[in-house]
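What you see is a predicted model; the values in this text were computed from it and never measured.
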Amino acid sequence: QVQLVESGGGVVQAGGSLRLSCAASGPAFSCYSMAWFRQGAGKEREFVAAINWSGANPYYADAVKGRFIISRDNAKNTVYLQMNRLKPEDTAVYYCAADLKGSPLFGTTRYGDAMDYWGKGTLVTVSS
C-alpha cells in the first residue's frame, strides 16, 4: 500500500510561484514513476507533469511547459512541482499519483488511467 500526501497549495497572485510537495510512504519509492494532475472547477482532470524513477526524463503538458518543473528526491520519498509565472487558469486541485507498473502511457494525456495510487489533492488558487 502506497500513501501519498500533497502539500504546499494556497492562494497566490498571477505571476507568482508555489512549490507543491508530495510525500510518499510505502516500499520502493525509487522504483515508481510519479506524476501531477489537476482538476479545475467544472473541468475534467488533466495531466500536468510526470517523472520516471531516476528523474532524468520529465514530461510536461503543453499548458505548463516552461513554467513548471517536476523533480523528485528519492532519499526523502518526495516529488515536487515547482510552479512559476502562475496564471489564473492554473487554479485547480492538484493531485500527485504513482505508477508502480511502468505504464507505456507515461507522459501522455491518458496517463491518469494508468496510475495505481492517488493523493487527496491540494488546492491552488491564482488570483488576477
Side-chain angles (χ1 to χ4, degrees):
Q1 182 72 27
V2 175
Q3 306 288 341
L4 304 173
V5 180
E6 303 97 334
S7 62
V11 180
V12 65
Q13 290 185 324
S17 297
L18 284 175
R19 189 194 195 200
L20 305 183
S21 298
C22 176
S25 61
F29 174 79
S30 64
C31 296
Y32 309 161
S33 293
M34 300 290 296
W36 289 94
F37 300 81
R38 67 186 183 185
Q39 186 168 15
K43 299 182 181 296
E44 295 184 349
R45 180 193 66 201
E46 64 176 323
F47 168 76
V48 175
I51 190 166
N52 69 7
W53 68 270
S54 71
N57 192 210
Y59 287 77
Y60 299 94
D62 288 344
V64 306
K65 191 174 184 179
R67 298 189 296 121
F68 291 11
I69 302 170
I70 188 171
S71 62
R72 67 191 298 164
D73 186 339
N74 290 340
K76 297 180 179 179
N77 286 4
T78 301
V79 63
Y80 305 96
L81 185 68
Q82 178 67 46
M83 305 184 294
N84 300 314
R85 303 191 304 279
L86 283 160
K87 304 175 181 179
E89 51 263 46
D90 295 319
T91 295
V93 176
Y94 284 72
Y95 301 90
C96 69
D99 168 19
L100 277 64
K101 67 181 75 66
S103 172
L105 297 176
F106 178 86
T108 74
T109 58
R110 300 206 307 119
Y111 195 28
D113 296 337
M115 309 314 292
D116 297 296
Y117 295 94
W118 293 84
K120 295 187 298 183
T122 185
L123 177 63
V124 173
T125 301
V126 183
S127 61
S128 60

What about the rings of Tyr60 and Phe68, do their centers lie closer together than 6.0 Å?
no
Donor-acceptor pair, Arg72 side chain versus Asn52 backbone, under 3.5 Å?
yes
State the CG-CE distance between Asn74 and Met34, to the nearest 0.5 angstrom.
10.0 Å
Once you round to the nearest 0.5 Å, how far does NZ of Lys87 lie from OG of Ser128?
14.0 Å
Out of curiosity, Leu4 CG to Tyr117 OH, how far, rounded to the nearest 0.5 Å?
9.5 Å
Within the side chain of Thr125, is there an N or O that forms a donor-acceptor pair under 3.5 Å with the backbone of Val11?
no
When rounded to the nearest 0.5 angstrom, what is the spacing between CZ in Arg45 and CZ in Phe47?
11.5 Å
Would you please say whether a donor-acceptor pair under 3.5 Å links the side chains of Asn84 and Ser17?
yes
Could you tell me whether the side chain of Thr91 and the main chain of Val126 form a donor-acceptor pair under 3.5 Å?
yes
Strictly distance-based, threshold 3.5 Å: is any side-chain N or O of Gln82 a donor or acceptor partner for the main-chain N or O of Ile69?
no
What's the spacing between Arg38 CZ and Thr122 OG1 if we round to 0.5 Å?
14.0 Å
Okay, side chain of Lys101, backbone of Ala114: is any donor-acceptor separation there less than 3.5 Å?
yes
Do Val124 and Tyr95 belong to the same hydrophobic cluster, where Ile, Leu, Val, Met, Phe, Trp and Tyr are linked whenever their side-chain heavy atoms lie under 4.5 Å apart, directly or via other members?
no
Using only heavy-atom distances, determine whether the side chains of Asp99 and Tyr111 contain a donor-acceptor pair under 3.5 Å.
yes
What's the separation between atom CD in Gln3 and atom OG in Ser25, rounded to the nearest 0.5 Å?
5.0 Å
When you look at OH of Tyr59, are more than 12 heavy atoms from neighbouring residues, nucleotides or ligands closer to it than 6.0 Å?
no
Assess whether a salt bridge exists between Arg110 and Asp113, defined as any Lys/Arg side-chain N lying under 4.0 Å from an Asp/Glu carboxylate O.
yes
Apply side chain to side chain contact (heavy atoms under 4.5 Å, CB included) to the pair Leu20 and Met83, showing each step before the final yes or no.
CA-CA 8 Å; Leu20 305 183; Met83 305 184 294; 3.7 Å; yes
Val64-Val12 co-clustered via ILVMFWY side chain contacts under 4.5 Å:
yes
Can you check side chain to side chain contact (heavy atoms under 4.5 Å, CB included) on Cys31 and Trp53, steps first, answer last?
CA-CA 5 Å; Cys31 296; Trp53 68 270; 5.6 Å; no
Taking the six-membered ring for Trp, are Trp118 and Phe37 ring centroids under 6.0 Å apart?
yes
Out of Asp73, Ile51, Ile70, which one pairs with Tyr80 under the side chain to side chain contact (heavy atoms under 4.5 Å, CB included) rule?
Asp73
For Met115 against Ala35, the heavy-atom pair lying closest together:
CE-CB, 4.1 Å
Quick one: closest heavy-atom pair of Glu6 and Trp36, and the distance?
CG-CZ3, 3.9 Å
Do Thr78 side-chain atoms and Lys76 backbone N/O form a donor-acceptor pair below 3.5 Å?
yes
Say whether, by atom type as modelled, one donor and one acceptor occur between the side chain of Gln39 and the main chain of Ala92 under 3.5 angstrom.
no
Are Val2 and Val79 grouped together when hydrophobic residues (ILVMFWY) are joined by side-chain heavy atoms under 4.5 angstrom apart?
yes
